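This structure is a prediction, so every number in the text was calculated from the model and none was measured.
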2 protein chains.
Amino acid sequence: MIEARHLRVLRAVAATGSFSAAARELGCTQPAVSQQMKALEASAGTPLLVRTGREMRLTQAGEVLVRHASGILAGLTAAEEEVAAIAGLRAGRVRLVSFPSGSSTLVPTALAALRADHPGTRVSLVEAEPPRSVEMLREGDCDVALAFRYGPGPSEWDDLVVRPLLTDRLVGLVPEGHRLAGAGAVGIGELAEESWIAGCPRCRRQLVDVCERAGFTPRIDFATDDYPAVVGLVGAGLGVAVLPELAIESVRPKGARTVTVEPAVEREIVALTLPDLAQVPAVAATLERLTRAASRA
Amino acid sequence: MIEARHLRVLRAVAATGSFSAAARELGCTQPAVSQQMKALEASAGTPLLVRTGREMRLTQAGEVLVRHASGILAGLTAAEEEVAAIAGLRAGRVRLVSFPSGSSTLVPTALAALRADHPGTRVSLVEAEPPRSVEMLREGDCDVALAFRYGPGPSEWDDLVVRPLLTDRLVGLVPEGHRLAGAGAVGIGELAEESWIAGCPRCRRQLVDVCERAGFTPRIDFATDDYPAVVGLVGAGLGVAVLPELAIESVRPKGARTVTVEPAVEREIVALTLPDLAQVPAVAATLERLTRAASRA
DNA sequence: CTTCAAGCATAAGTGACGCTTGGGATGATC
DNA sequence: GATCATCCCAAGCGTCACTTATGCTTGAAG
């Protein structure tokens, strides 16, 4: 089995014409070169060098090996450099999955910072809601998933790297002319008789849970996953809603007013990745920038 | 420093999708594969594999390395095979130098046998007389030199591999009608008054030495290095000559008769090579065939 | 001719590396 | 829930590779 190390030594010997010179070039002692060549000749099964007096010449087999060596070593260094580029963030790719309101706020900030520091790192972004996004992560379809959960809970993410980014509060949204539009804080019970507009399925379940703890079941007249649509419906006076603060941030609440709801309901927004992937430089850098973007928000 | 061994393991892991399967394929245990991959990831500076449950996936860096691995390993095996072909006498080249009378007798027989056994081995033949041929050998311009010497002598070939092939006697050559043409053995002194035709320079010096030990100086009327010419001149009745037996073998002695001369003068025909080159399969095979050809002659 | 410098080979010692065995944890399957 | 397969970890051990030290050969210089 010919090893790359042997070929490096052989090439140096062929280039310099001497074991000692090759040793100096390789940064080792002359006996090391001597032994390497002996080992290489043993594995080749035939002499590669002819030591005649002071001169050192290649045999035919030696010439053959030197001729191949350049190509092989070139391929090796090319591979090393390409990997080093990825490891050094001069290249690399991160596949990011985010839920919609995250991708419109946190993600752009983080990716801008990432690009500024490491222009070679490419990030692809796909949108997916938490259950699906975590599934994608586990199946290898993405490297980082932005997800959220309501309260620390039992956490089905024990086997994942969980990087908390920020905690997002649910805020109430009422039409401009609503009786509570100017209120500072609103008990959730005060909205028991309202017509409700619900957002995404998980938010909806959360809404239902909160309302039931407050002693009523919300009457949901409209349901949509589209946050701007929810805001629009509220603005048109068709009902009230609770939405994550982050979701409203990127929407102009035309005709709608936000109010603080009591009791406070928070969701935790986290970045997830696989333990192995957390070691990948591009992934680590992405997590880092996401964290920083969250702390500034 | 990425080693070829690492790439072989990585390729096996990527192909089988499992450490255990790769270990079976490589003929080692699974922990060995595990450690190799760990070492490779350490030298790469970034994870190459993602272990997620049962599945084993490549990271981007891993994909890069696998992509390069095929080319690098292909080059390595190509080099190994080419060297193995030389070592296994399926390829290879021997540069042979011979003196003229050797190249017309021993060499053809030996090379025919070599080609019959190892058709892939190519032999190039150049003619040169001993002092020059040995010089060529030492300077790396040939691999095997056929040479001769008169008597074991002081031998300037201590640093060479000397393979004795056969001993060649000098025989007398007289015209058909000569008074000694029918004699069995002829004392060299009986030819003291003859007109001499001399061959190559070294043979000529040998002739002069022998004659002077017999008490006379030969009168050399014709001198040529061309053995057939010598035979032709003798056949034309222009003088007598002594020639190596081997030299006459390939010439039809038209009009000339050979006689045994006393005292017997013998030259030793040897094959020479450098100690290192003697280990080269093609060189060893050539020496072997030359020896056999000489023993059959 | 002797001396000197340079280069290669060899031997012994040391450290690291790589492989194996055995044990434990995890995930998929019946 | 038991079982099988897979992988990681730790310990033990053999081998490999490098270094230092030494001797030998070669070619050049005094």
Given [N], is OP1 or OP2 found less than 4.0 Å from the side-chain N or O atoms of [X]?
| X | N | answer |
| --- | --- | --- |
| B:R5 | C:dG18 | yes |
| B:S20 | D:dA5 | no |
| B:T29 | C:dT20 | yes |
| A:S18 | C:dA6 | no |

Of all pairs that satisfy ring-ring contact (aromatic ring centres under 6.0 Å, His included), the ones with a partner from residues 123-148 of chain B, not counting sequence neighbours | B:F99-B:F148
Not counting sequence neighbours, which residues clear salt bridge (Lys or Arg N to Asp or Glu O under 4.0 Å) with [X]? List them please.
| X | value |
| --- | --- |
| A:R57 | A:E55 |
| B:E135 | B:R132 |
| A:D141 | none |

I need the [atom1]-[atom2] distance between [X] and [N], as an integer number of Å.
| X | N | atom1 | atom2 | value |
| --- | --- | --- | --- | --- |
| A:R8 | D:dA17 | CZ | C1' | 16 Å |
| A:L26 | D:dC18 | CG | C1' | 13 Å |
| B:M1 | D:dC18 | CE | P | 10 Å |
| B:E3 | C:dA16 | CD | P | 18 Å |
| A:R51 | D:dC24 | CZ | C1' | 15 Å |
| A:H6 | D:dC18 | NE2 | P | 8 Å |
| B:M37 | D:dC9 | CE | P | 15 Å |
| A:L48 | C:dC8 | CG | P | 16 Å |

Do other residues, nucleotides or ligands put more than 12 heavy atoms under 6.0 Å from B:R122 CZ?
-> no
What's the closest nucleotide to the B:F19 side chain, out of C:dC19, D:dC18, D:dC8?
-> D:dC8
Give the nucleotide from the list D:dC7, C:dG18, C:dC8 with an atom nearest to the side chain of B:Q36.
-> C:dG18
Nucleotide by nucleotide, nucleotides 10-15 of chain C touches protein heavy atoms under 4.0 Å in the pattern (B base, S sugar-phosphate only, - none) B-----
Sequence neighbours left out, cut at 3.5 Å: what donor-acceptor pairs do the side chains of residues 22-34 of chain A make with other protein atoms?
none

When you check the gap from the basic side-chain N to the acidic O, do A:R67 and A:E63 get nearer than 4.0 Å?
-> no
